[in-house]
Amino acid sequence: MPETRVLFRDIDAPGLATIQGYRDRGGYGALKRALHELEPDELLSSLEDSGLRGRGGAGFSMGKKGSFLPRGEMEKYLCCNADESEPGAFKDRELMQKNPHQLIEGCAIASLAVGATYAFVFIRGEYWEIADILDRAVGEAYDAGYLGADILDTGVRVELIVHRGAGAYICGEETALLDALEGKRGNPRLKPPFPAIQGLYGGPTLINNVETLSNVPHIVNNGADWFKGFGSEQSTGTKVVSVSGCVQRPGNYEIELGIPSREIIYGLAGGPPKGRRVKAWFPGGSSAPVLTEADLDLPYTFEDLAKAGSMLGSGSIIVADDTISIPELALRTARFYHHESCGKCTPCREGTNWTTKMLDRVVRGEATPMDLEIIAGVQEKIIGHCLCVLGDSMAMPVGSMVAKFRDEFEATIEAAREAGHGALDHSPLDRPLTTGAQAA
Amino acid sequence: MRPTDELTAAERRELIASMRPEDAEGVPALGELDVPAALREQIETAMARYPQLRSAAIPALWAVQRHYGWCTPQGVREAAAVMGVTPAYLEAVATFYDLIATSPIGRHRILVCHNISCWMNGADELLGAFCDAAGADRDDADQHGASSADGEFFVKGFECLGACDIAPMASIDQRYYGPLEAADAVAAIEALRDGEEPLSDKALALRPAAGGPDPSATERAPDAEGHDA
Ligand SMILES: Cc1cc2nc3c(=O)[nH]c(=O)nc-3n(C[C@H](O)[C@H](O)[C@H](O)COP(=O)(O)O)c2cc1C
Ligand code: SF4
Ligand code: FES
C-alpha cells in the first residue's frame with residue numbers, strides 16, 4: 001500500500017521551502033480564498049465538518065476548539081505547538097523543514113478564523129536549524145504581504161512570531177507552553193480556565209499542533225467533503241506517521257488513516273531486520289500503552305487504537321523487536337518522564353522517581369516479584385491525580401509493559417538473582433533519596 | 001507565626017539577603033552596568049517583537065549564552081537590567097531549561113540522544129565513543145553533561161531530539177547528524193578540532209523523505225487549486 005501524500009506532496013521537490021516554490025504549487029491560494037470569499041464562522045464550520053482532529057496528542061476536533069473562543073473585539077492569540085519532544089515523534093520537524101509555508105499559511109488562516117492578531121510558533125530549542133528555516137520563510141511571507149499589519153491590503157492584521165524554546169518536554173503541554181511563552185518557567189496551569197477562554201496573556205487562545213495547522217490550507221482549498229473522503233468516519237484525513245526503533249526503513253510516512261498498522265510497520269517501514277519479530281510497539285509515541293504482535297492488524301485510527309486500550313496520540317510508532325528487553329525498555333521510558341517531570345505534583349514527581357528506581361532494581365537483579373505489584377500500584381496512583389498528563393504518560397506505557405510482559409519481568413529478576421547480583425545486603429531505603437523539584 | 005505577619009518588606013529582603021544575597025537584588029540599574037552593545041541590541045529587538053516584553057526572557061537568555069558561552073551571573077544581570085526584571089527572576093527561568101547553561105561548559109556542544117529509539121540502535125555505545133574521543137567523563141555525560149579538560153567539548157546524553165529516523169543520532173553545535181557509528185564520533189571530534197564542519201554527509205538537512213519521491217504515492221492526492229502563480 002503506497003503512501004497518500006497531501007501534506008507531504010512533492011516533499012523533496014527543490015524549492016518547495018521557498019515562497020516561489022510554494023506558490024508555484026498553488027500555495028497561498030487558500031489564504032486568499034479565506035480572506036475574500038469566506039467568513040470566519042464559515043471557516044470554522046468547514047474545519048469542524050471536515051472532522052480534522054488534533055495531531056498533537058489529544059485528538060480533539062480542531063474546528064470545535066476554535067469555536068470555543070469568544071467572538072468579538074479583543075486580543076486573541078494562536079499558538080502553534082512545535083515543541084515535538086515526545087520520544088518517537090519527528091513528523092513536525094520534517095513538515096517545517098521542507099514545507100514551512102504550508103504551516104505559515106495554515107497559521108494565517110486559523111488566525112483569521114478565530115480573530116487572532118498574533119500567532120506564535122513555539123518550536124523546541126533543539127530544532128535550531130529548523131527554526132532558522134521557519135524564520136526565513138516567515139520573512140518571505142511578510143515581504144509578500146501574507147503576514148503583517150494589513151495582509152493583502154484587506155486591513156486584517158496577523159503577526160507571526162517564531163519562538164524558540166530552551167529544552168523542556170513539558171513545554172509541549174499546552175498551558176506550560178503558554179507560561180513558557182510568557183517568559184516564565186514552563187509549569188502547567190490548572191484547567192479550567194481552558195486556553196480558549198483564558199490563555200496567552202490572559203486572552204482567548206487557540207493552540208494547535210504543526211500538522212493540524214498544516215492541514216488547514218488543504219481543507220480550505222478542497223472542502224470538508226474532500227477531506228472526509230480520506231480515512232474513517234471518526235478519523236478523517238491523512239496522517240504523517242513517524243516510524244522508528246527496530247525497523248529497516250525508519251522515517252515519516254503519510255498514510256490514509258485506517259490502513260492496517262501492519263502496512264505501516266512492515267509495508268512502508270520494512271519491519272524489523274530479517275529473522276526478527278515485532279515484540280512490542282508503541283502506536284502513538286512513548287506515552288501510549290504498548291501493543292504486541294497480535295495487534296498488528298488493527299486499523300490505524302484514533303478509535304481502533306483506543307478500543308485496543310492504547311492511543312494514536314501524536315501518531316508515532318516505535319517498534320521493539322524480540323532482541324529488546326522489555327524491563328530495560330520500561331526503564332528507559334520511565335527515566336525520560338522522571339527527567340522531564342516539572343515537579344509540581346507529588347504523584348508525578350515522586351511516582352516517576354520511584355518507578356525509575358524500582359525498574360532499575362529489576363534490571364540489576366535487586367528486586368523481588370513483589371516489587372512488580374508495587375510498580376503496578378504506583379502507576380495506578382499516578383493516573384488521574386495530577387495537574388497535567390505527563391505523569392499518566394509514564395504510568396500508562398509502564399503499566400502496560402508490566403501487565404503484558406509480566407513473565408519477562410519475573411524471569412529478568414530471577415535470572416539476575418541467580419547470577420548473583422541480587423544479594424539484598426542493604427535495604428533500598430538506606431540509600432539517599434532524591435526529592436524535590438527535578439526541574440529540567 | 002508567618003514571616004509575612006511580623007516582617008516588613010525591607011526586613012524580609014534583609015532576611016533573604018542574609019541567606020543568598022543574589023536573590024534579594026532588585027532590578028539592576030542599566031546605567032550602572034556596562035552592557036555590551038550587541039547584547040543589549042539583541043535583547044531589545046526581542047522585547048520589541050512581543051506584545052509583552054517578558055516573553056523575551058528565553059530569547060534574552062539565548063543571547064547571553066551566545067555572547068558569553070554560557071549564562072554567566074554577570075550576563076544574566078545585564079539581561080535583567082535591559083529587561084527591567086530581577087536577576088533572580090531570569091535565573092529561575094534559566095535553571096528550568098536543559099539547553100541553558102548556568103555553569104561553564106565546553107565550546108562545542110554535542111548532545112547524544114539516549115532515548116528509546118536511539119538506545120535500541122546503539123546510542124549507549126555512541127555516547128561512549130563521543131566521550132572517549134572528546135575526553136569527557138562517561139557517567140557525568142549521561143547525567144548532567146560533561147566537558148573535556150581543554151574546554152573544547154561538552155558532551156551530554158540527551159532525551160529524544162525528535163530525529164529517531166536517524167537513530168542513533170547527535171546534535172553537534174545545533175545541527176543534527178545521523179545515523180552515526182563510533183567511528184563517526186572520532187571523525188566529528190577531529191573535524192571540530194580542525195575548525196571544520198563535522199560529518200557533512202550525515203547531516204539531517206540532506207536527508208530525503210523515507211518513502212522517496214515515489215510518484216504512485218502522490219497519485220491519490222488531489223491538486224490544490226492554483227489561485228496564484
Ligand atoms: C506532557 C505533554 C507534552 C505535550 N507535547 C506536545 C508537543 O510537543 N506537541 C504537540 O503538538 N502537542 C503536545 N501535547 C499536547 C498539547 O497539550 C495539546 O493538546 C496540543 O498541542 C493541541 O493541539 P492539537 O489539538 O492540534 O493536537 C503535549 C501534552 C502533554 C501533556
Ligand atoms: S503531572 Fe508532572 S509534569 Fe504535569 S504538572 Fe504535575 S508534576 Fe508537572
Ligand atoms: S529517540 Fe533519539 S531522537 Fe528520538
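Since we're looking at a predicted model, the values are computed, not measured. Within every chain, numbering begins at 1; the chains are lettered A, B, ... in the order of the sequence lines, protein sequences first and strands thereafter.
Neither the backbone nor the side chain of A/Leu268 comes within contact range of chain B; no heavy atom of the residue lies under 4.5 Å from a heavy atom of that chain. Of the two parts of B/Ala209, the backbone and the side chain both hold a non-hydrogen atom closer than 4.5 Å to a non-hydrogen atom of chain A. Neither the backbone nor the side chain of B/Pro179 comes within less than 4.5 Å of any heavy atom in chain A. Only the backbone of A/Ser325 comes within contact range of chain B, judged by heavy atoms closer than 4.5 Å. For B/Ile58, the part sitting under 4.5 Å from any heavy atom of chain A is the side chain, from C-beta outward, and nothing else. Within the 4.5 angstrom heavy-atom criterion, no atom of A/Val247 approaches chain B. Residue A/Glu129 touches chain B through both its backbone and its side chain, counting heavy-atom pairs closer than 4.5 Å. Proximity to chain B is absent for every atom of A/Lys91, based on heavy atoms less than 4.5 angstrom apart. Both the backbone and the side chain of A/Phe336 come within contact range of chain B, with heavy atoms under 4.5 Å apart. Heavy atoms of A/Ala320 lying under 4.5 Å from chain B belong to its backbone as well as its side chain. A/Asn187 touches chain B through backbone and side chain together, each having a heavy atom under 4.5 Å away.
Counting heavy-atom pairs closer than 4.5 Å to chain A, the top residue among B/Leu204, B/Ile100, B/Leu61 is B/Leu204. The most heavy-atom pairs under 4.5 Å with chain B, out of A/Gly88, A/Ala89, A/Gly186, come from A/Gly186. Of the listed residues B/Ala57, B/Ala94, B/Cys113, B/Ser117, the one with more heavy-atom pairs under 4.5 angstrom with chain A than any other is B/Ser117. Of the listed residues (A/Gly165, A/Ala166, A/Gly245), the one with the most heavy-atom contacts under 4.5 Å to chain B is A/Ala166. Of the listed residues A/Ala180, A/Gly251, A/Ser244, the one with more heavy-atom pairs under 4.5 angstrom with chain B than any other is A/Ser244. Annotation: maximal heavy-atom pairing with chain A below 4.5 Å, among B/Cys118, B/Pro59, B/Ala92, B/Ser171, occurs at B/Ala92. Among the candidates A/Val319, A/Ile170, A/Ile161, the residue making the largest number of heavy-atom pairs closer than 4.5 Å to chain B is A/Ile161. Chain B forms more heavy-atom pairs under 4.5 Å with one residue of A/Lys184, A/Arg164, A/Arg124 than with any other, namely A/Arg124. For chain B, the option among A/Glu94, A/Arg335, A/Glu254, A/Arg249 with the highest count of heavy-atom pairs below 4.5 Å is A/Arg335.
In this structure, B/Tyr176 and A/Phe90 have side chains that are not in contact, with every pair of non-hydrogen atoms separated by 4.5 Å or more. Considering only heavy atoms from C-beta on, B/Phe96 comes within 4.5 Å of A/Cys342 through its side chain. Residues B/Gln52 and A/Glu182 fail the side-chain proximity criterion, which asks for heavy atoms closer than 4.5 Å. Under the 4.5 Å side-chain criterion, counting only non-hydrogen atoms from C-beta, B/Pro213 is not in contact with A/Asp12. Residues A/Phe120 and B/Pro51 are in side-chain contact: their nearest non-hydrogen atoms beyond the backbone lie under 4.5 Å apart.
Salt bridge present: B/Asp165 and A/Arg93 bring a charged side-chain N and a carboxylate O closer than 4.0 Å.
Distance alone, capped at 3.5 Å, places no donor-acceptor pair between the A/Arg332 side chain and the B/Trp119 backbone. Remark: side-chain polar atoms of A/Gln97 are paired, donor with acceptor, to backbone N or O of B/Ala205 under 3.5 angstrom. A/Tyr127 places a side-chain N or O within donor-acceptor distance of the main-chain N or O of B/Gly162, the cut-off being under 3.5 Å. Put simply, the side chain of B/Trp62 never gets that close to the backbone of A/Gly125: no donor and acceptor are under 3.5 Å apart.
The NE2 atom of A/His339 lies 7.0 Å from the CZ atom of B/Phe158; values are rounded to the nearest 0.5 Å. Note that CD of A/Glu126 and CG of B/Asp98 are 7.5 Å apart. Values are rounded to the nearest 0.5 Å. Separation of atoms OH (B/Tyr97) and SG (A/Cys171) is listed at 4.0 Å; rounding is to 0.5 Å. Atom SG of B/Cys160 sits about 8.5 Å away from atom CD of A/Glu86, to the nearest 0.5 Å. Note that CE of B/Met120 is 6.0 Å distant from CG of A/Leu329, once rounded to the nearest 0.5 Å. Atom CG of A/Leu181 and atom CZ of B/Arg54 lie 14.5 Å apart (nearest 0.5 Å).
In terms of heavy-atom proximity, A/Gly183 sits nearest to B/Val93 at O-CG2, 3.4 Å. Pairing each heavy atom of B/Ile116 with each of A/Ser286, the nearest pair is CD1-CB, 3.8 Å.
Within the structure, side chain to side chain donor-acceptor pair (under 3.5 Å) pairs that include any residue of residues 199-210 of chain B comprise B/Asp184-B/Lys202 (at least two apart or interchain).
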Would you please test A/Tyr201 and B/Ser55 for side-chain contact (heavy atoms from CB on, under 4.5 Å) and show each step? CA-CA 10 Å; A/Tyr201 310 129; B/Ser55 287; 2.5 Å; yes
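Residues B/Arg49 and A/His163 have side chains that never bring a donor and an acceptor to within less than 3.5 angstrom of each other.
With a 6.0 Å radius and a threshold of 12 heavy atoms from other residues, nucleotides or ligands, B/Arg175 has its CZ atom at or below the threshold. Environment of CD in B/Glu41: sparse, with no more than 12 heavy atoms of neighbouring residues, nucleotides or ligands closer than 6.0 Å. Within a 6.0 Å radius of CD in B/Glu181, other residues, nucleotides and ligands contribute 12 heavy atoms or fewer.
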